[in-house]
Every structure is written in structure tokens, then in C-alpha cells.
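Everything on this sheet refers to the single structure shown next.
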Amino acid sequence: MPNILLTRIDNRLIHGQVATQWNSFVGSNLLLVANDDVASNPQRQALMDMAAPTGVATRYFSLQKTIDIISKAVDRQLIFIICEKPQDVLRLVEGGVPIKKVNIGNMHMSEGKRQVATVIAVDDDDVAAFKKLKELGVELEIQRVPTTAVEPLDKLFK
């Protein structure tokens, strides 16, 4: 069983908050970005590597590769999974990745989305993915950084 400490939805993936505050808070030694686009984009990977904390490994896997390989993780790997959107987390969970809790951290406003929390904008597809994750028993929480209060989850479903 992989040692997944936290899974976070953050459309910025690896950046300052993830690298410093969240990684320090959970104590991971592996940042795993599960994202089809980034998995095949060495330039984006290089930029994120620059933001990653010293001594913390990074991996950039497609969603399918994450599903295929996560069971091979060893106990000493303390894994922090970062995904761009709820649909990606849902695909991982439905593919057998044992994600128990998802921190919803940053989903930028864009065309067709509505602001529902401090830094969370969703559309109907996002809401459907969150509902399905809840049905599958995944705990959801909205929290920007570890030092801020968890926001009420019902905001997601309005």
C-alpha cells in the first residue's frame, strides 16, 4: 500500500505554497504530479523542479502511469500527490489509487466557472466529480494553506 500523506487539487501544481507550507506540514519526501500534460512537458517539469524543496524528490506521471505504478511505491516514500482538477483525482480513485482525503486548494476562475470559496471556482463538471468522490468515501476539505481555517464544504455544491 503506498504511503500517500495528502492529495491536493491545485491548478498551479508545484509552486511556493505547495513546496514550502504544505510539504512542510505533511512531511513528504516525494511530490508526485499526476497530470497528462505535465508528464510529457520537460519545460514545465523543470520549472516545477526549481520550486520543489531541497531534498524532496519530484515525479511527473500521467494519470494512467500513476494508476499503474503507485502500488509499487515503497514504505519510505512519503507521497504528496498534486492534481490540477477534481476530474483527475476521480480518475485516480476509480483506477484504484488509494486516496482517502483530498485537500482542495486552488482552482482559478475561468470561462464558465463560478467562485464558491476564497480561491475555488467550479463548473458543473467539477461539482459532479466532487460529488462522486464523496460517494466513493473520499474525504474532501477546502483549505488554502495549513495555517488558514478549513472552509465549509457545502460551498462546493451550491
Side-chain angles (χ1 to χ4, degrees), residues 1-28 30-39 41 44 47-48 51-53 56 58-68 70 73 78-158:
M1 178 81 95
N3 196 354
I4 300 169
L5 303 178
L6 183 66
T7 300
R8 178 175 168 88
I9 296 170
D10 192 320
N11 60 325
R12 300 165 297 176
L13 301 171
I14 298 175
H15 60 93
Q17 281 178 355
V18 165
T20 57
Q21 294 182 53
W22 280 107
N23 191 68
S24 296
F25 180 73
V26 300
S28 63
L30 174 61
L31 299 176
L32 192 165
V33 173
N35 182 281
D36 291 341
D37 294 328
V38 173
N41 188 329
R44 284 189 71 191
L47 288 171
M48 284 187 249
V56 176
T58 55
R59 299 290 181 273
Y60 303 97
F61 295 157
S62 67
L63 296 172
Q64 189 59 53
K65 183 171 182 178
T66 303
I67 291 165
D68 294 343
I70 197 78
L78 307 174
I79 305 168
F80 181 179
I81 298 175
I82 305 124
C83 293
E84 184 176 26
K85 55 191 178 185
Q87 295 84 346
D88 293 347
V89 176
L90 179 59
R91 183 162 167 215
L92 294 177
V93 170
E94 290 178 332
V97 177
I99 294 170
K100 304 293 181 223
K101 182 177 183 178
V102 175
N103 169 270
I104 305 158
N106 204 65
M107 296 174 60
H108 285 306
M109 184 64 145
S110 63
E111 183 77 32
K113 297 204 179 227
R114 59 195 176 276
Q115 197 80 33
V116 295
T118 307
V119 290
I120 310 292
V122 297
D123 60 20
D124 292 341
D125 271 353
D126 298 327
V127 172
F130 285 129
K131 284 181 180 175
K132 182 71 173 166
L133 285 165
K134 273 189 72 162
E135 288 169 14
L136 292 169
V138 176
E139 180 186 345
L140 304 174
E141 73 174 10
I142 300 171
Q143 189 176 23
R144 194 167 35 98
V145 293
T147 56
T148 60
V150 174
E151 295 186 48
L153 196 59
D154 62 339
K155 291 179 174 189
L156 285 179
F157 304 108
K158 289 183 179 181

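Nothing fancy with the numbering, it's 1 onward along the sequence.
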Test side chain to side chain contact (heavy atoms under 4.5 Å, CB included) on Asp126 and Met107 and set out the steps.
-> CA-CA 10 Å; Asp126 298 327; Met107 296 174 60; 3.6 Å; yes

Once you round to the nearest 0.5 Å, how far does [atom1] of [X] lie from [atom2] of [Y]?
X      : Y      : atom1 : atom2 : answer
Ile104 : Arg144 : CD1   : CZ    : 15.0 Å
Asn41  : Leu47  : CG    : CG    : 8.5 Å
Arg59  : Leu30  : CZ    : CG    : 6.0 Å
His108 : Lys113 : NE2   : NZ    : 11.0 Å
Glu141 : Leu156 : CD    : CG    : 11.5 Å
Phe25  : Thr147 : CZ    : OG1   : 9.5 Å

Does [X] reach the side chain of [Y], with side-chain heavy atoms less than 4.5 Å apart?
X      : Y     : result
Ile79  : Asn3  : no
Tyr60  : Arg44 : no
Ile67  : Ser62 : no
Cys83  : Arg8  : no
Leu5   : Phe80 : no
Val33  : Ile14 : yes
Leu92  : Ile99 : yes
Asn103 : Ile9  : no

What I want to find out is whether [X] reaches [Y] closely enough, with some N-O distance under 4.0 Å, to be called a salt bridge.
X      : Y      : value
Asp125 : Lys85  : no
Glu135 : Lys131 : no
Asp124 : Arg114 : yes
Glu139 : Lys100 : no

Mind checking side chain to side chain contact (heavy atoms under 4.5 Å, CB included) for Lys134 and listing every partner two or more places apart, or none if nothing turns up?
->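 Lys134 satisfies side chain to side chain contact (heavy atoms under 4.5 Å, CB included) with Leu140, Leu153, Phe157 once adjacent residues are dropped.
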
Sequence neighbours left out, what passes side chain to side chain donor-acceptor pair (under 3.5 Å) with Asp36? Give chain and number order.
->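 Testing Asp36 for side chain to side chain donor-acceptor pair (under 3.5 Å), a comparison that skips the adjacent residues, returns none.
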
Sorted by chain and number, sequence neighbours left out, side chain to side chain donor-acceptor pair (under 3.5 Å) with Asn23 holds for Ser28

Phe61/Leu32 under side chain to side chain contact (heavy atoms under 4.5 Å, CB included): CA gap, chis, key distance, verdict = CA-CA 7 Å; Phe61 295 157; Leu32 192 165; 4.1 Å; yes

Pair [X], [Y]: side-chain N/O donor-acceptor within cut-off below 3.5 Å:
X      : Y      : value
Thr148 : Gln143 : no
Asn11  : Glu84  : no
His15  : Asp10  : yes

Do Glu94 side-chain atoms and Gly96 backbone N/O form a donor-acceptor pair below 3.5 Å?
->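 Side chain of Glu94 to backbone of Gly96, a donor-acceptor pair under 3.5 Å: no, none is there.
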
Before giving the answer on side chain to side chain contact (heavy atoms under 4.5 Å, CB included), spell out for Asn106 and Ile120 the whole-Å C-alpha distance, their side-chain angles and the decisive distance to 0.1 Å.
-> CA-CA 6 Å; Asn106 204 65; Ile120 310 292; 5.8 Å; no

Minimum-distance pair of heavy atoms, taken over all atoms of Ala19 and Ala52 =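 It is CB-CA, 4.3 Å.
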
Could you pull out the closest heavy-atom pair between Lys132 and Leu90, with the gap in Å?
-> CG-CD1, 3.4 Å

Between Val18 and Leu13, does a side chain to side chain contact (heavy atoms under 4.5 Å, CB included) hold up when you go through it step by step?
-> CA-CA 8 Å; Val18 165; Leu13 301 171; over 6 Å; no

